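Report on the structure given below.
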Amino acid sequence: MKRYQKYDLFLNLFLVFTTSSSVAAWAIWESLDLLWGLIIGASQMLTLAKPYFLFPKYIKVFSEKKGQWQTLTVEVEELWHKLDRNAIDKSEVWEIYTDIRKRMADLDQTPEDIIFFKHGSLHKEAETTCNNYLNKI
């Protein structure tokens, strides 16, 4: 999610910069007209393509899912502690656990227009973060 937030931020900053500076840099146009033409052309192409990048949608969907996953994680931890203290009947445990698993499966569903890309470095970073967290417990 952080990656998409960065992409969206940099894209917006580039578009703001090129839009506002294209008029302000009128004097530079005379000496670097080809460069400015390329920059403005790229800016216009990005403006047209921006709705298809879906960065804001990725951010919204993954932010919502992150909150829901955190809630489910807390529920699993609470269930584990209840079971550990014998504060819950084992038949109740299975019922609650099954409900949590169903909600986890629902969370794995995403809108059809969300495209997943494989990011090996992000996967390794996530595993490292997870392992560090688990080692602290």
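In this text the structure is predicted, and so the values were computed from the model without any measurement.
- Taking 4.0 Å as the cut-off between side-chain N and carboxylate O, Asp99 and Arg103 count as a salt-bridged pair.
- Rounding to the nearest 0.5 Å gives a distance of 12.0 Å between NZ of Lys6 and CD1 of Ile59.
- Interatomic distance, Arg101 CZ to Leu72 CG, rounded to the nearest 0.5 Å: 10.5 Å.
- Of the inter-residue distances, the one linking Lys65 atom NZ with Gln109 atom CD reads 7.5 Å to the nearest 0.5 angstrom.
- Proximity of a side-chain donor or acceptor of Asn131 to a complementary backbone N or O of Glu127 within less than 3.5 Å is detected.
- Using a distance-only test at 3.5 Å, with no hydrogens or angles considered, no donor-acceptor pair links the side chain of Lys90 to the main chain of Leu83.
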Atom pairs and distances, donor-acceptor, side-chain atoms in residues 41-51, under 3.5 Å, two or more places apart:
| from | atom 1 | to | atom 2 | distance (Å) |
| --- | --- | --- | --- | --- |
| Ser43 | OG | Thr18 | OG1 | 2.8 |
| Thr47 | OG1 | Ser43 | O | 2.8 |
| Lys50 | NZ | Asn12 | OD1 | 2.3 |

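- Other residues, nucleotides and ligands place more than 12 heavy atoms under 6.0 Å from the CH2 atom of Trp69.
- Glu78 has no carboxylate O lying under 4.0 Å from a charged side-chain N of Lys82, or vice versa, which leaves the two without a salt bridge.
- Counting Ile, Leu, Val, Met, Phe, Trp and Tyr side chains that sit under 4.5 Å apart, directly or through other members, Val74 stands alone, with no cluster partners.
- Clustering ILVMFWY residues whenever any of their side-chain heavy atoms sit less than 4.5 angstrom apart, transitively, puts Leu9 in a cluster other than the one holding Phe62.
- In this structure Tyr97 satisfies the ring pair (Phe, Tyr, Trp, His ring centres under 6.0 Å) test together with Trp94, sequence neighbours excluded.
- Annotation: the span from Asp84 atom CG to Leu79 atom CG amounts to 11.0 Å, rounded to 0.5 Å.
- Annotation: the span from Glu75 atom CD to Ile100 atom CD1 amounts to 5.0 Å, rounded to 0.5 Å.
- Within a 6.0 Å radius of CD in Glu95, other residues, nucleotides and ligands contribute 12 heavy atoms or fewer.
- Trp80 and Ile96 fall into different hydrophobic clusters, where Ile, Leu, Val, Met, Phe, Trp and Tyr are joined by side-chain heavy atoms under 4.5 Å apart, directly or via other members.
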